[in-house]
Amino acid sequence: MHEATIAEALIQQVRAVLDREGLAGRVRSVEVAVGALSGVLPDALDFAFVTLSAGTFLEGAELVLRSVPGDCLCRACGQKSPAEDLLFQCPLCGSPEITLQGGHELRLEAIELDDQASDG
């Protein structure tokens, strides 16, 4: 399950951001944009995040996954259309001359901290 590797990298990225910005406190939530065409299984990523964050500074933090739809542009008909799966032809005209444009994202977007630093 490559989602465990992604969750581990996400935990490291959150730590790096907090260290770089000099921020402290309990992390309430971590928001991640996940593209529909990224190959990431949201449920598996959530499970891996909960499992790997146990006993760390992120224990109890909510992982908020924001789905980013995919889309493609057809070079033959010039139309843009949604792409839920990898496409090999334009869903409108059938041409194989398409470019997938969105939906590949996997990006840390936000970290929410408690207002007050913890007392422990």
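Bear in mind that the values here come from a model prediction, so they are computed numbers and not experimental data.
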| message | For Glu21, give me all partners under side chain to side chain contact (heavy atoms under 4.5 Å, CB included), at least two apart in sequence or on another chain. | response | Val17, Leu23

| Transitive ILVMFWY side-chain link Val68 to Leu108, under 4.5 Å | no

| message | Consider side-chain contact (heavy atoms from CB on, under 4.5 Å). Of Thr99, Ile98, Asp71, Leu92, which one does Lys80 pass it with? | response | Asp71

| message | Side chains of Cys74 and Cys93, heavy atoms from C-beta outward: is any pair under 4.5 Å? | response | yes

| Any donor-acceptor pair under 3.5 Å linking the side chain of Glu59 with the backbone of Gly55? | yes

| field | Any donor-acceptor pair under 3.5 Å from Glu105 side chain to Gly103 backbone | value | yes

| Can you list the steps and then say if Ser95 with Arg75 is a side chain to side chain donor-acceptor pair (under 3.5 Å)? | CA-CA 8 Å; Ser95 170; Arg75 294 185 302 274; over 6 Å; no

| query | If you measure from CZ on Arg20 to CD on Gln13, what distance do you get to the nearest 0.5 Å? | reply | 8.5 Å

| task | Enter the distance from Leu10:CG to Gln12:CD here, rounded to the nearest 0.5 Å. | result | 10.0 Å

| remark: One should read off an interatomic distance between Leu58 CG and Leu63 CG, to the nearest 0.5 angstrom, of 9.5 Å

| field | Heavy-atom pair of closest approach, residues Leu113 and Ala24 | value | CD1-O, 3.8 Å

Return a table of donor-acceptor pairs under 3.5 angstrom between the side chains of residues 28-53 and protein atoms on other chains or two or more places apart.
from, atom 1, to, atom 2, distance (Å)
Ser29, OG, Glu112, OE1, 3.1
Ser38, OG, Gly35, O, 2.8
Ser38, OG, Val40, N, 3.3
Thr51, OG1, Phe47, O, 2.9
Ser53, OG, Phe49, O, 2.7
Ser53, OG, Val50, O, 3.4

| task | Supply the atom-to-atom distance Arg66 CZ to Arg107 CZ, rounded to the nearest 0.5 angstrom. | result | 6.0 Å

| message | Tell me every residue that passes side-chain hydrogen bond (donor to acceptor under 3.5 Å, both in side chains) with Gln79, counting only those two or more places apart in sequence or in another chain. | response | none

| Between SG on residue Cys72 and CD on residue Glu97, distance to nearest 0.5 Å | 12.5 Å

